[in-house]
Amino acid sequence: MDGAAGPGEGPAQEALQSLSQRLRVQEQEMELVKAALAEALRLLRLQASSTSLQDSGTPAPIRNSSPAVPPGLPRTCSPSLVSRGTQTEVEIEPSPGPPGLSNGPPAPQGGSEEPSGTQSEGGGSSSSGTGSPGPPGILRPVQPPQRTDTPRRNSSSSSSPRPRQKLSRKAASSANLLLRSGSTESRGGKEPLSSPGGPGSRRSNYNLEGISVKMFLRGRPITMYIPSGIRSLEELPSGPPPETLSLDWVYGYRGRDSRSNLFVLRSGEVVYFIACVVVLYRPGGGPGGPGGGGQRHYRGHTDCVRCVALHPSPLLLHQPLQPVVHIWDSETLLKLQEIGLGAFERGVGALAFSAVDQGAFLCVVDDSNEHMLSVWDCSRAVKLAEIKSTNDSVLAVGFSPRDSSCIVTSGKSHVHFWNWSGAGVPGNGTLTRKQGVFGKYKKPKFIPCFVFLPDGDILTGDSEGNILTWGRSPSDSRTPGRGGAKETYGIVAQAHAHEGSIFALCLRRDGTVLSGGGRDRRLVQWGPGLVALQEAEIPEHFGAVRAIAEGLGSELLVGTTKNALLRGDLAQGFSPVIQGHTDELWGLCTHPSQNRFLTCGHDRQLCLWDGEGHALAWSIDLKETGLCADFHPSGAVVAVGLNTGRWLVLDTETREIVSDVTDGNEQLSVVRYSPDGLYLAIGSHDNMIYIYSVSSDGAKSSRFGRCVGHSSFITHLDWSKDGNFIMSNSGDYEILYWDVAGGCKQLKNRYESRDREWATYTCVLGFHVYGVWPDGSDGTDINSLCRSHNERVVAVADDFCKVHLFQYPCARAKAPSRMYGGHGSHVTSVRFTHDDSHLVSLGGKDASIFQWRVLGAGGAGPAPATPSRTPSLSPASSLDV
């Protein structure tokens with residue numbers, strides 16, 4: 001029996017000890033409240049006695065026991081008490097004295113000052129030691145706080161996880177209010193003394209009027225102390241910053257999971273897309289290139305672009321949005337027509353312009369379960385015909401170049417030939433289908449692509465690696481179209497072209513056909529009768545062929561499944577002109593003295609980018625997911641944090657790993673060198689910050705200590721300008737300060753850190769940036785933040801695909817911003833380059849990298865504003881540009 005009961009005694013005993021400790025803490029708090037009430041009564045009696053003495057002409061006794069007053073605070077004030085939720089705060093009603101901060105009416109008199117406990121500035125409890133989060137002073141508590149237990153890991157103040165919602169559906173509540181602690185007419189007040197209590201005791205946060213501001217995230221209070229140099233919040237800058245952003249370059253190409261994504265205009269510009277941006281890229285130099293490389297961007301979409309179709313005229317492009325179609329001019333980038341708003345479900349999967357009538361009609365297949373096929377009049381934006389196509393995936397659609405009444409679709413296990421009639425009357429057109437019959441040929445799983453030949457035949461490429469030729473058969477009177485009965489198609493020839501699937505077919509100007517393979521990565525040119533004329537193989541690290549487009553002269557453009565865009569020809573081979581990541585991005589850092597930046601993510605690639613040449617300098621395979629990175633101040637090495645607790649230091653010139661260390665077994669969320677390069681701080685999901693001493697060249701490091709005290713995983717950290725202190729944020733919204741040079745000790749009196757200057761500002765919680773948080777935020781809606789080196793603006797990356805630009809400091813609730821779209825997923829990181837000339841932002845799932853040019857107050861403005869239907873984190877006063 002003893003053996004059976006033994007295993008359960010340990011947890012039960014621990015639970016009993018925990019309950020006993022909590023009971024002792026509550027008893028101590030009740031004693032403290034009793035003492036506070038007694039002190040309050042004594043003060044009231046003293047005040048009444050003083051009043052009666054003054055009325056009788058007798059001078060009141062003078063007390064000389066008042067403590068020192070913090071710098072900048074007048075000595076004459078009368079405290080009053082206010083309770084908000086579970087927090088008891090002090091408000092000071094000013095007596096005649098020096099003017100101070102002003103942000104509300106004076107509070108009623110009465111009450112006493114209150115103690116400061118060991119609660120962290122961000123609302124979570126510190127796990128070691130006692131101390132005061134505010135200035136020292138007199139301990140006079142008068143109201144017991146209601147206890148709320150703080151979860152230890154990855155938690156909020158709520159006992160159950162709260163589902164993520166779009167910001168537009170979030171209700172503003174007291175959990176998201178930004179509150180000023182008391183009236184701000186005076187900064188006077190007495191300094192509270194630190195409260196007694198053992199390590200780990202949890203007490204409410206008590207604030208003196210004008211010393212701090214408070215905000216709430218998911219019900220958790222976050223107190224931030226006002227720097228002594230700021231006498232009034234009204235002195236801080238208001239309005240959006242004079243600086244603006246202009247999209248300079250987009251790195252990446254969406255070839256991993258999309259088709260119909262690569263075209264070449266008659267001007268030589270290459271058209272492709274990534275995230276919500278359609279890029280018009282003019283290659284610079286090279287065979288057949290027009291010279292003068294550059295990009296233009298169409299940014300009219302607010303969700304990821306799925307495919308593009310080229311109009312027969314040289315100026316018009318067309319691509320879908322979720323779920324609407326934009327037709328726009330490729331010269332002016334102005335939208336000409338919007339088609340199908342509210343008519344498509346989920347999105348648009350495939351589309352095509354008619355060719356024989358100069359693009360008068362548009363065929364669209366949506367992503368609904370029935371994959372509705374519809375035909376539209378482009379000039380009038382009206383639907384002419386619609387029909388359910390199939391329950392299987394539709395991957396491609398196209399009009400016959402000889403007859404607009406003939407439409408072909410292909411996809412999962414099917415090729416369908418459609419005859420369309422009744423084009424003149426909107427809504428009265430009919431679409432009839434003939435299913436392609438494979439007969440003696442093996443029916444493939446997928447038919448991703450097809451192309452029309454000049455003689456009217458059709459070539460299809462399938463998942464078996466075969467190219468099938470579909471020839472015309474005699475007219476069938478049962479399927480009349482415009483002008484009478486139409487011919488149908490049947491298989492007349494088959495050629496095995498590739499090992500694995502065929503992803504792309506392209507008809508060249510000389511009548512030959514190009515095919516691109518998936519598994520074998522071969523690009524093959526076919527002559528009449530499907531005779532192979534020439535071929536080339538794409539290097540393995542670029543991936544398989546996804547799309548092919550014919551450029552100027554003999555030049556070819558090839559898009560790959562690893563999001564690379566290649567340029568060249570079959571004889572001389574191909575070289576990359578656009579490259580990008582292939583999976584979610586998180587890690588970003590900029591070079592300390594050059595216009596270069598480094599990125600890493602879930603594709604396990606570490607990439608160094610040349611911001612001036614707009615090209616990939618080098619990339620290496622990390623073998624593991626990279627989540628964070630930072631350059632040494634010398635720029636000679638870079639530290640990279642991985643998702644396994646490992647962190648690497650690489651030489652930026654040789655790309656060799658000079659250090660490989662593991663701290664814990666949980667992912668690392670932030671690595672940061674001190675401004676003098678003597679220390680390296682590593683924030684982990686095990687709630688600790690590891691500190692390493694670093695050699696002058698950054699190649700060697702040794703463990704210096706650990707910062708232990710956070711109750712949740714580390715999210716952000718910054719070094720002070722002298723390199724001795726750290727400010728850090730955690731997953732439960734704590735703001736803690738650390739004395740690294742003094743032995744990695746936590747600074748209990750956070751009030752003393754209010755005037756400390758920080759070399760960088762990437763922490764999303766702090767007095768200087770609390771204005772970037774809007775109402776309705778759940779604490780996870782801001783992913784990254786970065787202050788410019790000139791300390792004039794702060795850039796913010798939010799969870800709603802937007803980049804914001806605020807003035808710095810941003811210490812006003814609901815501060816206005818300039819807001820920029822383009823990303824199609826949550827923006828995970830933003831960083832300014834060393835000279836603040838550019839801002840780099842990372843898209844998460846869309847794997848995009850945007851390089852923005854920072855324009856001064858007198859510079860040219862950004863692209864025209866576009867309406868946004870995407871929920872945005874910006875306040876109502878933000879400017880969408």
Side-chain angles (χ1 to χ4, degrees), residues 251-253 255-257 518-519 521 538-544 560-564 576 579-591 596-610 615-632 635-673 680-686 688 690 692 694 698-703 713-715 825 828-829 831 840 842-849:
Y251 298 85
Y253 152 82
R256 175 187 53 178
D257 60 352
R519 187 184 306 168
R521 306 184 314 280
I538 304 300
E540 183 177 2
H541 61 276
F542 291 130
T560 72
T561 55
K562 289 192 177 180
N563 292 356
Q579 291 177 266
H581 285 271
T582 58
D583 208 342
E584 187 170 358
L585 293 177
W586 280 96
L588 170 66
C589 62
T590 53
H591 196 279
R596 290 188 162 199
F597 57 92
L598 187 140
T599 57
C600 57
H602 288 210
D603 61 358
R604 305 182 177 184
Q605 296 295 311
L606 180 69
C607 298
L608 180 67
W609 303 90
D610 182 357
L616 178 66
W618 55 257
S619 68
I620 64 171
D621 187 358
L622 294 173
K623 308 298 183 184
E624 296 176 11
T625 298
L627 297 177
C628 51
D630 193 40
F631 279 99
H632 186 269
V637 298
V638 64
V640 183
L642 308 179
N643 67 331
T644 57
R646 288 178 61 212
W647 56 273
L648 312 174
V649 178
L650 296 93
D651 188 300
T652 56
E653 293 297 328
T654 65
R655 313 177 208 173
E656 294 181 356
I657 297 177
V658 297
S659 182
D660 186 341
V661 184
T662 300
D663 284 311
N665 56 5
E666 298 196 44
Q667 70 182 49
L668 305 179
S669 51
V670 56
V671 294
R672 186 85 70 239
Y673 282 100
L680 173 64
I682 299 165
S684 172
H685 269 228
D686 63 6
M688 288 185 283
Y690 299 90
Y692 283 79
V694 181
K700 297 180 180 179
S701 58
S702 59
R703 173 76 74 82
F713 57 93
I714 312 302
T715 59
S825 176
T828 56
S829 187
R831 290 292 183 270
V840 181
L842 299 185
K845 292 290 187 181
D846 63 25
S848 64
I849 305 171

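We number each residue from 1, following the sequence as shown.
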Fill in: Test side-chain contact (heavy atoms from CB on, under 4.5 Å) applied to H685 and S669, step by step
CA-CA 7 Å; H685 269 228; S669 51; 4.0 Å; yes
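The aromatic rings of W609 and F597 lie parallel to each other, with less than 30° between the two planes, well short of the 60° mark.
Here CG of L680 is found 11.0 Å from OG of S702. Values are rounded to the nearest 0.5 Å. Here E584 contributes atom CD and T828 contributes atom OG1; the two are 7.0 Å apart, rounded to the nearest 0.5 Å. How far CD1 of I682 is from OG of S701: 7.5 Å, rounded to the nearest 0.5 Å.
For the pair T652 (side chain) and G635 (backbone), a donor-acceptor distance under 3.5 Å is present. Between the side chain of D610 and the backbone N or O of A615, no donor-acceptor pair lies under 3.5 Å.
Within 6.0 Å of CZ in R519 there are 12 or fewer heavy atoms belonging to other residues, nucleotides or ligands.
Shortest non-hydrogen contact noted between D630 and R672 is OD2-CA, 3.4 Å. Minimum heavy-atom separation, V640 to L622: CG1-CD1, 4.1 Å. Scanning all heavy atoms of the two residues, the minimum distance from C589 to A629 falls at CB-O, 3.4 Å. Considering every non-hydrogen atom in both H602 and L627, the closest pair reads NE2-CD2, 4.0 Å. Closest approach of L608 and L616 over heavy atoms only: O-CD1, 3.5 Å. Residues V661 and S659 come closest through the heavy atom pair CG2-OG, 3.6 Å.
For D846, the side-chain hydrogen bond (donor to acceptor under 3.5 Å, both in side chains) partners two or more places apart in sequence, or in a different chain, are S848. Legend: residues meeting side-chain hydrogen bond (donor to acceptor under 3.5 Å, both in side chains) with K700, ordered by chain and number and at least two apart, are absent. When the side-chain hydrogen bond (donor to acceptor under 3.5 Å, both in side chains) test is applied to R521, the partners found at least two apart in sequence or on another chain are E537. Taking the side-chain hydrogen bond (donor to acceptor under 3.5 Å, both in side chains) definition, one finds that T560 meets it with nothing, sequence neighbours left out. The salt bridge (charged side-chain N to carboxylate O under 4.0 Å, His left out) check on D583 picks up nothing, with sequence neighbours excluded.
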Which side-chain N or O atoms in residues 642-649 pair as donor and acceptor under 3.5 Å with protein atoms at least two apart or in another chain?
| from | atom 1 | to | atom 2 | distance (Å) |
| --- | --- | --- | --- | --- |
| T644 | OG1 | E624 | OE1 | 2.6 |
| R646 | NE | D660 | OD1 | 3.2 |
| R646 | NH1 | E624 | OE2 | 2.9 |
| R646 | NH2 | D660 | OD1 | 3.3 |
| R646 | NH2 | D660 | OD2 | 2.5 |
| W647 | NE1 | D663 | OD2 | 2.9 |

